Amino acid sequence: MSQYNAQSIEKKWQEKWDTEKTYKCNNPGDKNFDSSKPSYYVLDMFPYPSGSGLHVGHASGYVGTDIIARKKRMDGFNVLHPMGWDAFGLPAEQYAIQTGQHPRVTTEVNANNFRKQLKLLGLSYDWDREIDTSLPEYYKWTQWLFLKLYEKGLVYQKEVAVWWCEDLKTVLANEEVINGRSERGNYPCVRRPLKQWVLKITEYADRLLSDLDLLDWPDHIKKMQSDWIGRSEGAEIDFVVENSDKKIRVFSTRVDTIFGVTAVVLAPEHPWVKDLTTEAQKTDVQNYLNQTSAKSERDRQAEVKEISGTFTGSYAYHPLIANKKIPIYIADYVIADYGTGAVMSVPAHDERDYRFAKLLELPLIPVIKPDGIISDIECFTEDGVLVNSEIFSGLKSSDARSKITTTLENKKLGSKKITYKLKDWVFSRQRYWGEPFPLSFDESGNIIPTPESELPVVLPEMKDFTPSEDGSSPLARVQDWVKYTSKAGKSLERSTDTMPGWAGSCWYYLRFMDPHNAKEPFSKNAISYWKQVDLYVGGTAHAVMHLLYARFWHKVFFDCNLVPTPEPFKKLFNQGLVTAFAFKDSTGRLVVSDEVENVEGVYKRKSTGETVERFITKMSKSLKNVVNPDDIITSHGCDILRAYEMFMGPLDDEKPWTDDGLPGCTRFLKRTWNLFHDDSGEIRKNLLRSASVTSDFTADQQQIEEAFHKCLKRVNESFVNFNFNTSIAAFMEYLNDISGKVDQMTTAQGENFLRILSPFCPHIAAELWEKTQHNNRIDFEKWPELDLKLAEGSTFELVISLNGKPKKRLKTQRGSSSSILEAKALEAMSDLVSKDKIIKTVVVPDKLVNFVVKS
RNA sequence: GCCCCGGUGGCGAAAUUGGUAGACGCACAGGACUUAAAAUCCUGGGCUACGGUCAAACGGGCGUGCCAGUUCAAGUCUGGCCCGGGGCACCA
């Protein structure tokens with residue numbers, strides 16, 4: 001056999017790895033655990049096993065982490081590289097409902113398909129650690145950990161105006177609603193008061209923000225998190241209402257503008273609106289309230305530019321100006337659940353207040369002047385110098401803020417305050433497919449946590465698990481599950497809500513450390529060895545929700561002494577989305593890919609010949625532009641697909657999939673195969689382990705050695721930023737460099753090449769390793785040591801330039817002194833420059849000589 | 001509107017601290033092998049209404065979105081602008 005047959009090699013090795021458990025990762029305490037090795041935990045964001053399976057986009061991230069895991073093994077680490085299923089949650093349930101099956105069944109079928117696909121990619125997971133968040137042996141510990149949050153007082157029940165999605169028949173978290181529509185399915189959502197379980201994530205807001213500094217994460221992700229947390233420093237100020245004992249509390253970051261206040265504005269939902277409305281204004285206010293509540297939340301957000309509001313008839317006293325009365329308004333630009341739901345309106349220095357004042361013809365009182373420059377802007381929103389502000393006039397904005405706040409504190413009319421955009425996390429869902437809460441109610445309505453001995457609270461089997469019309473949870477229909485008698489003999493009723501899909505993923509990375517522990521979520525032993533995730537790779541889609549929630553839970557565990565680190569994911573890397581081409585016609589209607597043909601660079605609809613426009617978008621079933629890795633593996637091979645996905649570009653770049661580059665990688669692996677085989681298809685004798693060794697390198701062997709170290713240098717460098725495209729390029733270059741010299745190649749040189757190839761293309765490397773008489777596994781071979789001298793070579797091309805423009809090149813010994821370089825360059829340039837015209841010479845050793853001449 | 005990231009050949013892309021722009025591939029063109037094709041191998045290439053020449057070799061000029069600046073030297077640094085992608089969006 002001589003031809004490179006990817007499929008048979010890959011099948012052989014995948015079966016071997018499976019039965020041999022080559023990539024099994026031992027824990028401290030296990031028989032084969034090597035405690036002398038340091039740990040490395042590299043994790044993919046585990047998938048929700050969808051019905052459509054993996055596409056080539058998922059594969060690129062998984063291949064990337066696999067390359068890193070394999071390299072780390074060769075660097076002598078114990079590598080934890082696991083995979084599992086994020087199986088609970090809305091998408092799984094929606095899919096089950098659509099296909100008329102039970103989610104338990106679809107989840108299993110889909111997971112089987114995913115596992116099969118992942119194995120076809122040759123990924124070196126320890127499959128013994130596979131987990132499924134929807135199995136009782138897993139969610140028992142989700143419930144157990146939830147009770148830790150409960151014990152810490154971080155769980156409460158509250159009647160809150162929550163996002164309700166009529167189509168999904170459930171409550172959604174703030175993070176799950178985008179512009180008034182559900183993130184999943186894009187259905188309209190409305191605000192609705194419902195009693196819900198809520199987690200006090202706001203108690204951790206400050207730490208979630210400041211601990212971002214500890215993390216090696218991409219800046220844009222950190223920024224998205226800090227924007228979401230939305231910390232702002234300011235003050236709360238009380239405005240005493242005229243003829244009343246009420247004080248309206250407002251929040252402002254611009255206390256320095258307080259002397260410019262011309263109105264106090266409440267959100268329409270503010271609880272005091274009714275009380276503050278005078279008889280004369282009653283109709284106006286009622287009309288306005290009707291008008292705003294009729295607007296759906298979505299409309300309110302869409303009409304950002306339009307401002308509206310009305311007068312309540314009441315007045316409040318300015319806290320710092322004696323006897324000055326300020327009118328009280330209501331307006332829907334003020335948000336009820338941010339800050340205090342009320343603001344002091346300073347039209348001269350705030351954009352929205354300005355528009356509001358223009359609309360209602362309120363006066364402008366400028367109290368801040370730009371520092372230095374004269375400006376005639378009516379609404380100046382930046383910091384400056386105070387004017388017209390009694391004793392504070394002349395102060396800079398920042399100084400004025402602290403001085404005025406102190407004055408207000410002394411008068412007991414205000415205080416420093418930090419406000420967050422982050423809200424507490426609405427944690428219950430009125431759906432079936434999730435973890436039941438380990439909480440019950442006794443006859444007087446007290447909350448009774450389920451004792452550990454009675455965990456898990458098993459999700460009851462239901463034939464019809466569709467959401468209820470009235471918004472109550474489907475579990476409420478399982479009466480004999482809801483009502484039960486506790487071991488202590490009390491008759492109790494269970495909470496019928498389930499946890500959101502995020503619950504399982506809040507701690508799965510910890511379970512992977514000790515996945516079969518029946519006594520605890522993870523052992524002290526395991527967590528103190530693995531500590532935290534060293535490298536976490538996934539798409540940017542989870543930048544806010546999953547990553548914020550998991551950090552929150554982890555911090556609670558840290559406070560409970562369950563984990564040794566304050567953060568779960570040390571380094572985060574965002575793999576770029578692999579997109580695909582799609583087509584639309586002149587009316588903007590989508591045209592499925594298989595109806596389109598390329599006629600000399602113009603895309604046309606096959607049936608009509610009409611020109612269509614190509615654009616780039618996510619892969620989706622409906623556009624028929626999903627590319628499945630299985631197909632490429634069948635037609636080309638897994639190693640070829642792996643090499644190509646990496647060769648397409650840096651791992652964090654977004655890129656559209658095309659087949660165009662596949663032939664290049666196919667040739668690359670064929671050439672690799674042929675490197676180890678002679679023309680008759682026999683394995684080359686000089687590369688066998690038993691080949692005789694000569695003491696000195698021939699000239700060719702020396703060149704092969706230099707080419708190898710040049711290649712190794714680039715491959716090593718690609719592990720810094722995961723731009724593995726340059727690794728593949730370096731391999732190809734190596735093959736070009738040594739072509740014609742392969743008869744001379746030594747066994748050790750062949751071995752080294754296979755070693756550094758193996759993380760990228762593990763099957764062909766394993767096969768050639770075996771064929772060259774090695775009976776161990778290449779996967780645990782030591783990664784070769786770089787010899788920088790060899791990598792750079794003994795000579796270089798000296799560039800000689802004139803006024804910065806390269807003119808000549810000279811092969812030169814590396815390490816030559818500046819004076820030698822200058823002399824050589826001068827001699828070489830004698831036909832172009834005479835020495836007396838040179839006004840300056842710049843010499844960069846091992847690089848170039850530049851002569852500057854007068855023009 | 002605000003914030004972040006990016007813009008390099010026909011295409012995907014590469015390029016330490018500023019120091020040979022276009023590595024490595026794809027596609028393309030020419031050649032070798034072949035009855036032929038596939039496969040394989042070799043060769044070529046940024047652009048140029050410049051000089052040169054029958055043609056070429058060769059030489060010049062211009063080139064990393066645009067304009068300016070710093071520098072002996074700019075894809076890389078600085079300022080302004082244009083385009084594309086992403087995030088946030090009445091958060092007081």
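Please read all numbers here as calculations on a predicted model, not as lab measurements. Values reported hereafter were calculated over all heavy atoms of this structure, with side chains retained and with hydrogens, waters and symmetry mates removed. Proteins come first, then strands; the chains are lettered A, B, ... in the order of their sequence lines, and each starts at number 1.
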>> By nearest atom, which of the nucleotides B:U40, B:A21, B:A92 is closest to the A:Pro806 side chain?
In response: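 Nearest nucleotide to the side chain: B:A21.
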
>> By nearest atom, which of the nucleotides B:A14, B:A39, B:C88 is closest to the A:Lys670 side chain?
In response: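 Of the candidates, B:A39 comes closest.
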
>> With a sphere of 6.0 Å drawn around NZ of A:Lys808, does it hold more than 12 non-hydrogen atoms of other residues, nucleotides or ligands?
In response: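 For A:Lys808, atom NZ is crowded (more than 12 foreign heavy atoms under 6.0 Å).
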
> For A:Lys655, does the NZ atom sit with more than 12 other heavy atoms under 6.0 Å from it, leaving out its own atoms?
Replying inline: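 It does: A:Lys655 NZ has more than 12 such atoms within range.
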
>> By nearest heavy atom, map A:Asp353 and A:Met224 onto RNA chain B; which one lands nearer the 5' end?
In response: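 Between the two, 5'-proximity favours A:Met224.
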
>> Can you work out whether A:Ser232 or A:Met648 has the more 5'-proximal nearest nucleotide on RNA chain B?
In response: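 The answer here is A:Met648.
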
Between [X] and [Y], is the ring centre distance below 6.0 Å?
X: A:Tyr644; Y: A:Trp657; answer: yes
X: A:Tyr734; Y: A:Phe753; answer: yes
X: A:Phe668; Y: A:Phe647; answer: no

> In the 5'-to-3' direction, what one-character label does each nucleotide of nucleotides 23-33 of chain B receive under the scheme B = base within less than 4.0 Å of a protein heavy atom, S = sugar-phosphate only, - = no such atom?
Replying inline: BBSSS------

Starting at atom [atom1] of [X], determine the distance to atom [atom2] of [N], rounded to an integer number of angstrom.
X: A:Met344; N: B:C90; atom1: CE; atom2: P; result: 20 Å
X: A:His349; N: B:C90; atom1: NE2; atom2: C1'; result: 19 Å
X: A:Asp337; N: B:A92; atom1: CG; atom2: P; result: 14 Å
X: A:Leu266; N: B:A92; atom1: CG; atom2: P; result: 18 Å
X: A:Asn721; N: B:A14; atom1: CG; atom2: C1'; result: 14 Å
X: A:His542; N: B:G87; atom1: NE2; atom2: C1'; result: 16 Å
X: A:Lys421; N: B:C90; atom1: NZ; atom2: C1'; result: 11 Å
X: A:Glu654; N: B:G12; atom1: CD; atom2: P; result: 14 Å

> For B:G86, does OP1 or OP2 lie under 4.0 Å from any side-chain N or O of A:Thr540?
Replying inline: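 For B:G86, OP1/OP2 do not have a side-chain N/O of A:Thr540 under 4.0 Å.
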
> Would you say B:A92 has OP1 or OP2 under 4.0 Å from some side-chain N or O of A:Tyr333?
Replying inline: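 So the side-chain polar atoms of A:Tyr333 never come under 4.0 Å of the phosphate oxygens OP1 or OP2 of B:A92.
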
Pull out every protein N or O sitting under 3.5 Å from an N or O of nucleotides 1-7 of chain B, one pair per line with the distance.
| from | atom 1 | to | atom 2 | distance (Å) |
| --- | --- | --- | --- | --- |
| B:C3 | O2' | A:Lys223 | NZ | 3.0 |

> Is B:G9 in the syn range, within 90° of 0, or in the anti range?
Replying inline: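 Syn, since the glycosidic angle lies within 90° of 0.
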
Considering only atom [atom1], compute the distance from [N] to [M] and round it to an integer number of Å.
N: B:G18; M: B:U76; atom1: C1'; result: 6 Å
N: B:A73; M: B:G61; atom1: P; result: 16 Å
N: B:A27; M: B:A38; atom1: P; result: 13 Å
N: B:G65; M: B:A74; atom1: P; result: 15 Å
N: B:C41; M: B:C58; atom1: C1'; result: 30 Å
N: B:U34; M: B:G75; atom1: P; result: 49 Å
N: B:G46; M: B:U20; atom1: C1'; result: 15 Å
N: B:G1; M: B:A89; atom1: C1'; result: 8 Å

Pairs: protein N or O with nucleotides 69-78 of chain B N or O, under 3.5 Å:
| from | atom 1 | to | atom 2 | distance (Å) |
| --- | --- | --- | --- | --- |
| B:C72 | O2' | A:Asn850 | ND2 | 3.3 |
| B:C72 | O2 | A:Asn850 | ND2 | 2.6 |

> side chain to side chain donor-acceptor pair (under 3.5 Å) with A:Lys421: which residues, sequence neighbours excluded?
Replying inline: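 Here no residue qualifies.
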
> Which pair of heavy atoms, one from A:Ile258 and one from A:Ile404, lies closest together, and at what distance?
Replying inline: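 Where A:Ile258 meets A:Ile404 most closely, the heavy atoms are CG2-CG2, 4.0 Å.
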
> Per the side chain to side chain contact (heavy atoms under 4.5 Å, CB included) rule, which among A:Arg642, A:Met646, A:Glu733 passes with A:Ile728?
Replying inline: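 Result for side chain to side chain contact (heavy atoms under 4.5 Å, CB included) with A:Ile728: A:Met646.
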
>> For the CZ atom of A:Phe581 and the CE atom of A:Met619, what is their distance to the nearest 0.5 Å?
In response: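 It comes to 10.5 Å.
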
>> Rounded at 0.5 Å granularity, tell me how far CG in A:Leu848 sits from CG in A:Leu798.
In response: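 Answer rounded to 0.5 Å: 7.5 Å.
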
> Checking side-chain contact (heavy atoms from CB on, under 4.5 Å) for the pair A:Trp217/A:Gln225: CA distance, chi angles, key distance, verdict?
Replying inline: CA-CA 11 Å; A:Trp217 285 21; A:Gln225 293 233 336; 4.0 Å; yes

>> Given 3.5 Å as the limit, does a donor-acceptor pair link the side chain of A:His677 with the main chain of A:Gln3, or not?
In response: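 Pair absent, no side-chain N/O of A:His677 close to backbone of A:Gln3.
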
> Got a donor-acceptor contact below 3.5 angstrom from the A:His349 side chain to the A:Val367 backbone?
Replying inline: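 Yes; at least one donor-acceptor contact below 3.5 Å.
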
> So what does the secondary structure string of RNA chain B come out as, 5' to 3', with Watson-Crick or wobble pairs under 3.5 angstrom, [ ] for crossing and | for pairs with another strand?
Replying inline: (((((((..(((......[....))).(((((.......))))).(((.((......)))))..(((((..]....))))))))))))....

> So A:Ile330 and A:Tyr288, side-chain contact (heavy atoms from CB on, under 4.5 Å) or not? Walk me through it.
Replying inline: CA-CA 9 Å; A:Ile330 59 171; A:Tyr288 186 68; 3.6 Å; yes

>> Please enumerate all residues that pass salt bridge (charged side-chain N to carboxylate O under 4.0 Å, His left out) together with A:Asp659, with sequence neighbours excluded.
In response: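 Result, salt bridge (charged side-chain N to carboxylate O under 4.0 Å, His left out) vs A:Asp659: none returned.
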
> Would you call A:Val346 and A:Met344 a side-chain contact if the rule is heavy atoms closer than 4.5 Å?
Replying inline: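 In contact.
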
